[in-house]
Amino acid sequence: MEPTPLTIRYFAGARAAAGRAEEVTPAGRSLDDLTVELAQRHGDQLAAVLRVASFLVNGVTCHDRQAPLPGGATIDVLPPFAGG
Amino acid sequence: MEPTPLTIRYFAGARAAAGRAEEVTPAGRSLDDLTVELAQRHGDQLAAVLRVASFLVNGVTCHDRQAPLPGGATIDVLPPFAGG
Amino acid sequence: MTAPATTFGEVTDRPLDLAAHEAAVADRRAGAVVSFQGVVRDHDHGRPVVSLEYEGHPSAEQVLREVAAEIAAEPDVYAVAVSHRVGPLAIGEVALVAAVSTAHRAAAFAACARLVDEVKARLPIWKRQVFADGTEEWVNCP
Amino acid sequence: MTAPATTFGEVTDRPLDLAAHEAAVADRRAGAVVSFQGVVRDHDHGRPVVSLEYEGHPSAEQVLREVAAEIAAEPDVYAVAVSHRVGPLAIGEVALVAAVSTAHRAAAFAACARLVDEVKARLPIWKRQVFADGTEEWVNCP
């Protein structure tokens, strides 16, 4: 049975680079593999953002980018912050 | 002809120690001599204040305490500041 | 243990009220209140900016309150209030306000500066600038 | 040379208006405004204070403006506003307000802290405190 897919949410400059706010993609891969695939799919602009972005997995900062992402997880792509 | 006397103005804690806001006294002495005399005249409390006070001569901070004070000068006795 | 330090923190699309933040940190024990305003400037790296918009991640307010609580937990700090604006802002409007009260001024200046540094480093908020020549950019984003 | 930095300084027996000082330093180029309030505390060295009075030398306002002008002359500073209260004050009232605007926050924190330090060191103003037990003292005075 296929694991439930991941939901990727792009914020701010990541959304501008990806040309979409959200995306659904198959689970079962690590964050590193996932970002390679997203870069190929959406092009250099997003690739550049993904290189400097931080990521939340179900709201928690992801520190192990080799671990397989849990099915049904929400992955938030956060460009470098620019508050204040 | 006697030089015009000095006017001494006491501020804040100096006034409290001297028991008066102002005083007139003969000119012709240096600030050091003057403070010795004022301490004798008004007692230890003022003496303690005079030891830590700064002085204005006609509105300008006095740096040479041996120079004779000009006749008619106004001497301001300023305890250590406590603003803010 | 003295009363726990009070904190206030909000991410909002309404104009920020600095006076309210300063009042929020008032404390009978406090001898010093230092406050900060991050203001939208009319230029960035020499390029004239005409308008600006902040976007916040849903977790922004929670992160803001965590940072405020950390600063408020410091021994000398009595109270902390900090808020960030999201949505469109005009030049001269305030994007970030922060206020800290302490017993003495040195601690207030240090804690307020640290508060703003931490907010800038950790708050998931982004800034999109529109320049006079019509181009725009997401700040800090390639 | 950019426009000379504006300064505002007043020694007054009327309540101090921090918001007015913050408005006075607003500047389209400024990205940061830091302000300080010196507040009358309810104790000093552990002794409960019931009331307090400040006395100023006639030259106080002139000295205050000299200090403000020195800080305003610093390269990163756009505007400075600082005022000191004289006369009787209640607990919680503000004795000193200061505000500084600059391009970036580090300069604003540094300049405002320096401004307050210089004011405290050089302003010919004295503080008389009345304690709960009825005794009183001139602060910093033997």
Side-chain angles (χ1 to χ4, degrees), chain C residues 16-23 25-46 48-50 52 78-79 89-117 119-120 127 129 139, chain D residues 16-23 25-46 48-50 52 78-79 89-117 119-120 127 129 139:
Chain C
L16 302 180
D17 180 349
L18 175 60
H21 287 70
E22 287 161 345
V25 300
D27 185 303
R28 288 184 69 81
R29 301 164 297 173
V33 175
V34 169
S35 55
F36 170 82
Q37 293 171 85
V39 183
V40 174
R41 300 191 322 144
D42 61 3
H43 67 284
D44 184 34
H45 299 300
V49 172
V50 289
L52 181 139
Y78 292 135
L89 276 80
I91 305 298
E93 285 200 282
V94 183
L96 170 64
V97 287
V100 174
S101 63
T102 62
H104 301 294
R105 66 182 185 282
F109 278 112
C112 193
R114 214 165 26 255
L115 172 62
V116 175
D117 287 346
V119 163
K120 283 194 176 240
K127 175 160 75 172
Q129 282 181 146
V139 174
Chain D
L16 301 180
D17 180 349
L18 175 59
H21 287 72
E22 287 160 345
V25 299
D27 185 304
R28 288 185 70 81
R29 301 165 297 173
V33 175
V34 169
S35 56
F36 170 82
Q37 293 172 84
V39 183
V40 175
R41 301 192 320 146
D42 62 3
H43 68 284
D44 184 33
H45 299 300
V49 172
V50 291
L52 181 141
Y78 292 133
L89 277 81
I91 305 298
E93 285 200 281
V94 182
L96 170 63
V97 287
V100 174
S101 63
T102 62
H104 301 292
R105 65 182 186 280
F109 279 111
C112 193
R114 215 166 25 253
L115 171 63
V116 175
D117 287 345
V119 164
K120 284 195 173 235
K127 176 160 75 173
Q129 281 181 148
V139 173

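Below, all heavy atoms of this structure are taken into account, side chains as well, without hydrogens, waters or symmetry copies. Protein chains get the first letters and strands the later ones, always in sequence-line order, with residue 1 at the start of each.
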Heavy atoms only: give me the nearest D/D42-C/R29 pair and the separation to one decimal. OD1-CA, 4.0 Å
Quick check for you: among C/D117, C/V94, C/V40, which has the greatest number of heavy-atom pairs under 4.5 Å with chain D? C/D117
Where does D/L18 contact chain C at under 4.5 Å (heavy atoms): side chain, backbone, both or neither? side chain
Nearest non-hydrogen partners of C/A30 and D/R41, listed with the distance: O-CG, 3.4 Å
When the 4.5 angstrom heavy-atom criterion is applied to C/D27 and chain D, the contacting part is neither
Between D/A32 and C/F36 the two heavy atoms that sit nearest each other are CB-CE1, 3.8 Å
What part of C/A113 gets within 4.5 angstrom of chain D, counting heavy atoms only: side chain, backbone, both, or neither? both
Could you check which of C/A103, C/G38, C/A106 has the highest count of heavy-atom pairs closer than 4.5 Å to chain D? C/A103
Taking side chain as everything from C-beta outward and backbone as N, CA, C, O, which of these in D/A95 sits under 4.5 Å from a heavy atom of chain C? Side chain, backbone, both or neither. neither
C/E22 and D/S35: which non-hydrogen atoms are nearest, and at how many Å? OE2-OG, 3.7 Å
